[in-house]
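To start, the structure itself, in structure tokens.
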Amino acid sequence: MTDRPDLTCDVAVIGAGTAGLAAERAARKAGARTLLIDPEFRGTLCANTGCMPSKLLIAAAHAAHASRRAPVFGVRPGDPVIDGPAVMARVRAERDRFVAFTREGLDDLPQGTMIRAHARFVAPTRLALSDGRQVQAGAVVIATGSTALVPGPFRDLGPRILTNETVFELPDLPASLAVIGGGPIGLELAQAMGRLGVTVTLFDQGDRLAKARGDAVHDALRTAVARDITLCLGVETTPEPADDGIRIAWSGASQGAQVFSHVLVATGRPPNLDGLDLAASGLTLDDHGTPVFDRLTMQCGDAAIFIAGDADADATLLHEASTEGAIAGRNAATHPTVTPGTRSPAFALTFTDPPLASVGAGPGDGVICGHSDYGNQGRARTEARAEGVMTIHADAQGRLIGADLCCPGAEHLAHLLAWAVQSGATASGLLEMPFYHPTLEEGMKAALRQICRETRQPEPDSRDFGLAPGA
Ligand SMILES: Cc1cc2nc3c(=O)[nH]c(=O)nc-3n(C[C@H](O)[C@H](O)[C@H](O)COP(=O)(O)OP(=O)(O)OC[C@H]3O[C@@H](n4cnc5c(N)ncnc54)[C@H](O)[C@@H]3O)c2cc1C
Ligand SMILES: NC(=O)c1ccc[n+]([C@@H]2O[C@H](COP(=O)([O-])OP(=O)(O)OC[C@H]3O[C@@H](n4cnc5c(N)ncnc54)[C@H](O)[C@@H]3O)[C@@H](O)[C@H]2O)c1
């Protein structure tokens with residue numbers, strides 16, 4: 001490359017989402033002159049069309065559900081009236097508040113750091129911008145996120161086909177909804193819509209929801225969501241336009257056809273790499289066209305190129321995007337010296353009710369499993385939500401290595417278990433910790449005690465091995 005670049009920097013970050021913002025901050029903290037390149041700077045996916053609006057819709061669904069089940073406790077508020085436009089208006093108003101925070105964060109960037117353009121590689125550390133300029137960087141971080149995949153038959157069917165980009169813009173709740181894909185996006189939004197009074201059918205070509213590990217956990221999840229929506233697993237779907245909607249025909253494990261007012265496509269989110277001209281980067285790509293990288297350093301091969309967030313298609317979650325961005329940005333600034341970052345055990349939550357959680361290693365050869373049944377757990381029972389299971393996984397010494405849960409409070413219980421796994425705790429050691437009564441945490445004791453027995457580790461003798469009522 002002989003011609004002079006228009007811009008130079010130590011670290012160029014492509015993409016100003018969660019991973020890119022973290023990378024730019026980390027690189028700048030390490031003393032690098034940075035450029036942050038994004039065509040829009042519209043705030044993160046998480047705030048605009050991801051984590052936050054989906055959780056806002058789920059919060060509305062919780063309110064409707066709580067009202068509907070209040071009679072269990074002898075409280076009779078009556079059947080809830082769901083004002084669809086008001087539900088969607090609150091989702092957008094609160095969402096816009098979160099988006100504004102992420103945009104305000106951009107004001108802290110040093111002047112000249114933000115480059116409003118699309119970037120592509122013309123050489124390993126040389127980028128061409130859509131405004132015609134070129135950037136020469138010491139190192140580059142790819143943080144371009146992911147995009148909703150819409151399978152061919154669902155394209156070009158008009159605005160009744162929704163993705164996470166459009167569903168939160170609906171002025172009112174749909175009259176009926178087909179959800180294609182039972183991953184976290186499909187499942188969370190399907191259950192929420194169902195609880196908000198929408199007639200929902202969820203279709204998946206596979207037979208497992210949200211990659212739930214272990215049959216007991218999957219059964220608990222499936223049973224819970226089937227109360228709110230219709231599930232059609234193991235089917236292929238074919239859409240076609242119909243009067244007032246989209247007709248979905250399906251076949252496989254079951255068959256049928258039905259017209260829905262809207263269809264939400266949630267069939268996965270591949271990384272946004274197509275527009276980057278990766279061929280010019282010189283990187284080695286895997287079978288899916290994603291750069292091969294080291295998940296401890298986030299470096300792609302031995303190039304001065306790093307990758308972070310959904311773009312690497314590894315752990316496509318918010319906290320991982322943020323950690324990966326921090327590691328990638330720091331190492332881009334110090335390249336050619338790169339230092340492994342600290343990664344946490346895998347940890348994923350799906351915000352269904354009850355939530356689904358997985359931590360670290362799953363069931364497998366040589367793994368010791370302890371089980372807790374929440375179907376009669378004391379605190380869960382007081383709240384009329386006793387259901388589900390927890391499995392804790394340990395090695396032969398009783399050290400916790402993972403867990404799978406679908407039970408009340410799973411999002412909080414799973415945090416405790418993730419922290420226990422990361423800190424190397426044993427089942428015996430955890431049983432020495434205080435357990436308040438009556439709590440959902442007490443439910444863990446059965447699984448922990450089973451692991452102690454099976455690994456011949458002592459149960460702490462200064463703790464009673466009986467159970468408080470309902471614990
Ligand atoms: C509906 C939904 C719900 C979710 N809920 C959760 C949840 O509850 N918890 C959780 O942990 N995760 C959740 N996720 C996942 C989480 O939101 C993502 O993992 C995370 O936001 C990814 O961040 P990112 O920085 O990789 O991507 P993004 O925030 O999408 O940033 C990518 C940026 O790159 C830019 N870009 C792309 N190509 C180029 C280019 N060539 N040049 C310049 N810029 C470019 C884009 O404009 C964009 O600003 C959810 C996702 C969805 C869709
Ligand atoms: N709570 C959370 O943390 C959360 C919430 C939402 C999304 N996310 C992140 O976003 C990622 C993307 O989510 P997602 O749910 O879109 O993708 P996903 O890849 O996790 O799930 C897609 C599902 O669609 C099914 N599918 C694919 N093609 C199909 C077809 N043609 N017909 C029927 N079914 C089909 C697959 O079998 C799979 O079950 C997640 O993997 C997760 O990392 C996280």
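Note that ligands are numbered from 1 as they come in the structure, with each ligand's atoms numbered from 1 the same way.
- Taking any N or O of G268, backbone or side chain, at least one lies under 3.5 Å from an N or O belonging to ligand 2.
- Checked for salt-bridge contact, E387 and R227 meet the test: a charged N lies under 4.0 Å from a carboxylate O.
- Contact annotation: for A143 versus ligand 1, heavy atoms closer than 4.0 Å belong to the backbone alone.
- Close N/O approach between E40 and ligand 1 is not found [any backbone or side-chain N/O within under 3.5 Å].
- Contact between K55 and ligand 1 is present, with at least one heavy atom of the residue lying under 4.0 Å from the ligand.
- Not close to ligand 1: G275, with no non-hydrogen atom less than 4.0 angstrom away.
- The minimum heavy-atom distance linking A178 with I248 is given by the pair CB-CG1, 4.1 Å.
- For D277, the CG atom sits in a packed shell: over 12 heavy atoms of surrounding residues, nucleotides or ligands are nearer than 6.0 Å.
- At least one side-chain heavy atom of R33 sits less than 4.5 Å from a side-chain heavy atom of T8.
- Contact analysis leaves A348 out of contact with ligand 2, as no non-hydrogen atom separation drops below 4.0 angstrom.
- Given atom 15 (C) of ligand 1, the protein heavy atom at minimum distance is T316 O, 3.7 Å.
- Counting only heavy atoms of the protein, atom 26 (O) of ligand 1 lies nearest to D310 N, 2.8 Å.
- Classification of E104 and R97 as a salt-bridged pair fails, no side-chain N sitting under 4.0 Å from a carboxylate O.
- Looking at atom 47 (O) of ligand 1, its nearest protein heavy atom turns out to be D38 OD1, 3.1 Å.
- Between A403 and H393, the shortest heavy-atom contact is N-CD2, 3.5 Å.
- Using a 4.0 Å cut-off between heavy atoms, D204 contacts ligand 2 through both its backbone and its side chain.
- Under 4.0 Å from ligand 1, heavy atoms of A19 appear from its side chain as well as its backbone.
- Only the side chain of R269 comes within 4.0 Å of ligand 1, counting heavy atoms alone; its backbone N, CA, C and O stay farther away.
- Here T144 has heavy atoms under 4.0 Å from ligand 1 in both its backbone and its side chain.
- Within the 4.0 Å heavy-atom criterion, the part of L349 lying near ligand 2 is the backbone and not the side chain.
- Under a 4.0 Å heavy-atom criterion, A348 is not in contact with ligand 1.
- Residue-ligand proximity: F41 is placed with every non-hydrogen atom at 4.0 Å or more from ligand 1.
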Requested in this report: Might you work through the side chain to side chain donor-acceptor pair (under 3.5 Å) test for S146 and D310, ending with a clear yes or no?
Outcome: CA-CA 5 Å; S146 59; D310 284 11; 2.8 Å; yes
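- The shortest separation from a heavy atom of L21 to ligand 1 is not under 4.0 Å, leaving the residue out of contact.
- Contact annotation for A117 and ligand 1: only backbone heavy atoms (N, CA, C, O) come within less than 4.0 Å of the ligand.
- With a 4.0 Å heavy-atom cut-off, ligand 2 is reached by the side chain of K211 but not by its N, CA, C or O.
- Look at D6 and R133 and you find no salt bridge, because none of the NZ, NE, NH1 or NH2 atoms lies under 4.0 Å from a carboxylate O.
- Not a single heavy atom of R120 sits closer than 4.0 Å to an atom of ligand 1.
- Neither the backbone nor the side chain of L349 has a heavy atom within less than 4.0 Å of ligand 1.
- No donor-acceptor contact under 3.5 angstrom links the side chains of D38 and H118, judged on distance only.
- Polar contact with ligand 1: absent for L276 (N/O pair, distance under 3.5 Å).
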Requested in this report: Check step by step if side chain to side chain donor-acceptor pair (under 3.5 Å) holds for Q422 and S344.
Outcome: CA-CA 7 Å; Q422 182 160 338; S344 295; 2.9 Å; yes
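- Remark: of the listed residues H262, M88, M193, M193 is the sole one forming a side-chain contact (heavy atoms from CB on, under 4.5 Å) with V167.
- Residue A119 has at least one N or O atom closer than 3.5 Å to an N or O atom of ligand 1.
- Residue-level proximity to ligand 1 for N164 is carried by the side chain, the only part with a heavy atom below 4.0 angstrom.
- Comment: D215 engages R208 in a salt bridge, judged by a side-chain N to carboxylate O separation of less than 4.0 angstrom.
- From the protein, the heavy atom lying nearest to atom 6 (C) of ligand 2 is I185 CG1, 3.4 Å.
- Counting protein heavy atoms only, atom 11 (O) of ligand 1 is closest to L318 N, 2.9 Å.
- Ion pairing between a basic and an acidic side chain is recognised when a charged N comes within 4.0 Å of a carboxylate O; R116 and E40 show no such pairing.
- Q191 and D228 share a side-chain donor-acceptor pair at under 3.5 Å.
- When each of T267, V265, L149 is paired with F154, the side-chain contact (heavy atoms from CB on, under 4.5 Å) condition holds for V265 and for no other.
- The protein non-hydrogen atom at the shortest distance from atom 6 (C) of ligand 1 is C51 SG, 3.4 Å.
- Looking only at heavy atoms of the protein, atom 21 (O) of ligand 1 is closest to L45 CD2, 3.6 Å.
- Using a cutoff of 4.0 Å between basic side-chain nitrogens and carboxylate oxygens, K55 and E94 are not scored as salt-bridged.
- Near T49, meaning under 4.0 Å from one of its heavy atoms, ligand 1 places the atoms 1 (C).
- The shortest N or O to N or O distance between G50 and ligand 1 is not below 3.5 Å.
- Salt bridge annotation for R126-D3: present, with a cationic side-chain nitrogen under 4.0 angstrom from a carboxylate oxygen.
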